[in-house]
Structure formats: C-alpha cells, structure tokens
Amino acid sequence: MDELAQMDAWGQADLVRRGEVTPSELVDAAIARIEAVDPALNAVIHRRFDAARAEAAGPLPDGPLRGVPFLVKDLDLHIAGEPLHCGTRFLADAGSTSATDDTLTERFRAAGLVILGRTNTPEFGTTITTEPVAAGPTRNPWNTEHSTGGSSGGSGAAVASMMVPAAHASDGGGSIRIPASECGLVGLKPTRGRTPLGPRYAEHWNGAVINGVVTRSVRDTALFLDVMSGPAPGDPFVTPPPARPYVQQVGADPGIVRIGLLDRPAQSDVVADPVVGETLRAVGGLLENLGHRVEASHPEAMGDPDFSRHFITIMAANLRADLDEWETTLGRTIGGDELEPANAMFAAIGGATSAADHLAATRWQHRWARRMAEWWDGGFDLLCCPVINGTPPPLGWLSDPEKGLDRVTELMQYTAQFNVTGQPAISLPLAWTDDGLPIGIQLVAAFGREDLLVRVASELQGAQDWTLRLPPVHA
C-alpha cells in the first residue's frame, strides 16, 4: 500500500513542511489512487486533475495544509469555472458551472489545499443514500453492495478508501455524520454559524445546513475546523469563537464528563436496531472506563412526533425556492419529470406551503429547540447515541420508490434534531458488525462546544484506534 495513502492530512502536510515530499508528489499520488480505486466505487464524478497539477506546481499559499490533495462535494460549495450539478440530471445536461469561489472555497485554498475534483451526492442532498440517477450509485468500500450514506456519500467513500485524506461534506439533517458512520470515518457537524455558506446563501433550510469535512482522524477534524471557522461579512448567525485553536484540544484532558446515553429511538413507535443498541451500550462502558459519568438519559423532546412533519415543511419549501432560482438561472421551467420522484413530491409540498405555514413550522422549531436545550442546561455535558437506527443498508433499499421514504425515516432517528438546534455533533467509528460494516456512534455537545467534542473524541481514538482498520477496497 502507498505510504502516503496511510497518512492523514496532518501527516501529509507535515511531510511538505519538512521538505520530504513536494505538493506535486502528493497530488500525483492521490490522482493515481483515484484512477486505481474509483472505478469500483464511483465516488469522484468531476475531475480537475490538470488544474490541480498546475496549482500544486505552485506557488501555493503557505497554509497549514499546503499541498494536501482534497475533494469537494457536488453540493453547497462553488468553485469558479468548475461544474456544480447538485446531483441533478438537468444541471448536468445544461453543463452548469460556477462563476466564483464561495467563501469556504477561498479558505480551503488559503490553507494550501489542492482540489482534485468533486464527489457524488444524491439529488439536492435530500436523502441519506448516494444513489442519484444522474451519476449512479456510490459504493461502500467496506462492502460494495452497500450504501455509503448521504448526502456526502461520495466524499465518505473517497476518504474511507484512502483516495484522499479528507474531503468536504455538508449536513442539513445528518449528511456529514451518516456517511461518516457508514464509511468508518470521523464526521463533525459544526455549530450553526461556525462555518460559512456564503455568498450565495446566508443560511439554508432555516439554518439547518452547515459545511464541514469527513476525515480519518480526530486531529484532522480539529485542524480543518480551525481552517473553516469564523463568520463572513453579513452572516446571519455568528457563533462565539473558541478560546483556543481546536488542534490544541486534541489530547487535552476533558476532565470528568457527564454523559447521557440513548440506546434506542426516542420515538416509542420505532423499533430499535438491536446490533446498534448493543454497540451503543458497549461504548457507554468504554466511556465509564475512561472515568466519565454515564447514565441513561436524553432530551425528551427528541421523541416529539411532530418533529418530522415540521422538518419536511422547511426542507420542501427550501427545495422549491432552490428550483425557482435555478429556473431563473437556466431561463426555463424545470418540470417535475426532470426530478427524481421523492424530490418531485417535496417540490410539490414546498410549492403548496404558504408563507404562514412556513412561519408556523419555523416558530414550532424554535420552541422545540428551547425544550431540547433544557437537557444540557440541566447538567449534562454530552449526549451519546447512535448515528442511524441500523447498519449501512444495501444499495437500492432506501431508494425503493414505494418503501424508501419510510425506511429513511426509520433509520434517521438521531441526526436532524441537531441541525434544527444548531448544536455540534460528531460521528466516531467505534464498532464494526460481524460481517465488517462500520457502526458510527454520535456525541452531541451544547451549542458552541466543539472543544469538548474534540477532547472526548481524541480520548476515544486513543483508547480504540479505528485508523488501524482498512476496508477491502482501498488504495
């Protein structure tokens, strides 16, 4: 195996700093890995190899990730002159490209990263499996018959298979954490306002959407969070800055942390996956062995049966607004038959949603988020729960035209709540099934407390180092 492939982004950047490799050598090696591995996975759908090689030849900014190869999800992030198709057929057919870089793209470039291309995503990122009609399914490197999760599934597969050490991801209802869970990676959804969405969006899905990355190590996650963090001019949400850089939290003593454990869906009518529940309880024991206080507890509001209805109202209205903007850009109407069936349904729901309906759903979410926050305010530091109510499903299981949406709801019991509250949450690859599929465990902190997540996550990596496991399909 390529020695560079084994290294995380931190390690690769350190080689460049010490003059042991050049950015061009890192980029050429990553391109060779993509060309060798991606045919089996279909993770990288747009390639900019010639441009990347020219950028790596320099001069590159002298940032903390100088020369490190990187991939960007085909959603939520513009790169000047490069395709942006959002997982759709109609934008691919139109040859849609971006006119300018987004703020976060500029930050990635300033850190010294070299962008090699874009990764696969479901159409408009509205589901949790990466099987778009436009580009075909992305396959899981742990078992190519299974899903990588979504909507950052292409990024998850690319990092898990060691094509690149890290890749951009975004999360509106679990789309960083679910691919991280299903691909055996670290996936941190930052606090609302921690990373920018602009300039195209000030906020999206009523503040639920946030940019981040998927990585193989906690120290990479912390380093990328430092690179991405901070408001852009005009951002509507401004999160208090950390007391010190997140990389300085890696390995720092978290102290004794009070942790609530939730090993089953909070909604009483949803059947708990027994394997995931058993795994969660084992992780609770590990946390106790590390000296933390663990007790069965969770915010009761997580199980509110009205949550999904209001979340769909907001998401569907935003999808309809996105389609209206694309229609203006393209100069034509986008027909329902140009969308995948689930999105055609969501677009119809969004088109039928009145301004009063949208505001009612928004106000419900605000009141509900206060109920959620009371649990942390009552003395708990972290919630420990699954990422999904199950293990990585077979390809096609979630995209089934009749049963797919119900199955998505069944699996998606633990993530979207924290997009609405805006709290930071991290998925850690702490277990695998007997047949070799990853199971991610989620830790959720109070608003703005990524520092605590990084400290506890790095402690868990030290106790149970997941980076030693490799998927069957890897570079």
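Numbers here are sequence positions counted from 1. In this text, all values refer to a predicted model and were calculated from it rather than measured experimentally.
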Query raised in the report: Do Trp142 and His146 come close enough that some side-chain heavy atom pair is under 4.5 Å?
Result: no

Query raised in the report: Taking only residues two or more places apart in sequence or in another chain, which ones pass ring-ring contact (aromatic ring centres under 6.0 Å, His included) with Phe237?
Result: none

Report task. Could you tell me the separation between the CG atom of Leu428 and the CD1 atom of Ile441, rounded to the nearest 0.5 Å? Result -> 9.0 Å

**Report entry** Close side-chain approach of Trp397 to Thr129, heavy-atom, < 4.5 Å
**Finding:** no

Query raised in the report: Can you tell if the side chain of Ile176 reaches within under 4.5 Å of the side chain of Leu188, non-hydrogen atoms only?
Result: no

Query raised in the report: For residues Asn140 and Thr148, is any side-chain donor paired with an opposing acceptor at under 3.5 Å?
Result: no

Query raised in the report: Which heavy atom of Ser151 sits nearest a heavy atom of Thr121, and at what distance?
Result: O-OG1, 2.8 Å

Query raised in the report: Who passes side-chain contact (heavy atoms from CB on, under 4.5 Å) against Ser399, sequence neighbours left out?
Result: Glu131

Report summary line: Residue set satisfying ring-ring contact (aromatic ring centres under 6.0 Å, His included) with Phe380, at least two apart, ordered chain then number -> Trp375

Requested in this report: For residues Pro299 and Leu383, determine if any side-chain heavy atom of one lies less than 4.5 Å from a side-chain heavy atom of the other.
Outcome: yes

Report task. Consider only side-chain N and O atoms of Asn389 and Gln413, and report whether a donor and an acceptor are under 3.5 Å apart. Result -> no

Query raised in the report: Side chains of Val218 and Tyr246: does their closest heavy-atom pair fall under 4.5 Å?
Result: no

**Report entry** Side-chain donor-acceptor pair present, Asn343, Thr126, cut-off under 3.5 Å
**Finding:** yes

Report task. Measure the spacing between CD1 of Ile128 and CZ of Arg407 and express it to the nearest 0.5 Å. Result -> 12.5 Å

Query raised in the report: With sequence neighbours left out, what residues match Phe70 under ring-ring contact (aromatic ring centres under 6.0 Å, His included)?
Result: Phe108, Phe224

Report task. Find out whether Val238 and Arg194 are in side-chain contact, i.e. whether some heavy atom of one side chain is under 4.5 Å from a heavy atom of the other. Result -> no

**Report entry** Set of side-chain contact (heavy atoms from CB on, under 4.5 Å) partners for Glu327, sequence neighbours left out
**Finding:** Arg320, Asp324, Thr333, Ile334

**Report entry** Donor + acceptor pair across side chains of Thr221, Thr215 (<3.5 Å)
**Finding:** yes

Query raised in the report: Does any non-hydrogen side-chain atom of Glu123 lie less than 4.5 Å from one of Val133?
Result: no

Query raised in the report: Are the aromatic ring centres of Trp466 and Trp432 under 6.0 angstrom apart?
Result: no

Query raised in the report: Under 3.5 Å, is there a donor-acceptor pair linking the side chains of Asn419 and Asp171?
Result: yes

Requested in this report: Looking only at non-hydrogen atoms, find the nearest pair between Val294 and Gly284 and report the distance.
Outcome: CG2-O, 3.8 Å

Report summary line: To the nearest 0.5 Å, atom CG of Leu359 lies from atom OG1 of Thr313 at 12.0 Å

Report summary line: From the list Leu77, Asn211, Asp76, Val72, side chain to side chain contact (heavy atoms under 4.5 Å, CB included) with Asp102 holds only for Leu77

Query raised in the report: Relative to Trp326, does Arg200 satisfy both conditions: NZ or CZ under 6.0 angstrom from the six-membered ring centre, and within 45 degrees of the ring's axis?
Result: yes

Query raised in the report: Hey, what do you get for OG (Ser147) to CD (Glu182), rounding to the nearest 0.5 Å?
Result: 4.5 Å

Query raised in the report: Among side-chain atoms of Ser152 and Lys73, is any donor-acceptor pair under 3.5 angstrom?
Result: yes

Query raised in the report: Looking at Thr138 and Ala157, what are the two nearest heavy atoms and their distance?
Result: CG2-CB, 3.6 Å

Report summary line: Rounded to the nearest 0.5 Å, the CZ atom of Arg363 sits from the NE2 atom of His366 at a distance of 10.0 Å

Report task. Give, for atom CD1 of Ile34 and atom CZ of Arg47, the distance between the pair rounded to the nearest 0.5 Å. Result -> 6.5 Å

Query - Residues that His204 engages under ring-ring contact (aromatic ring centres under 6.0 Å, His included), provided they are two or more places apart - result: Tyr201

Query raised in the report: Out of Thr433, Asp435, Thr279, which residue meets the side chain to side chain contact (heavy atoms under 4.5 Å, CB included) rule with Thr391?
Result: Thr433

Query - Side-chain donor-acceptor contact under 3.5 Å, Ser354 with Asp357 - result: yes

**Report entry** Atom CZ of Arg371: over 12 foreign heavy atoms under 6.0 Å
**Finding:** yes

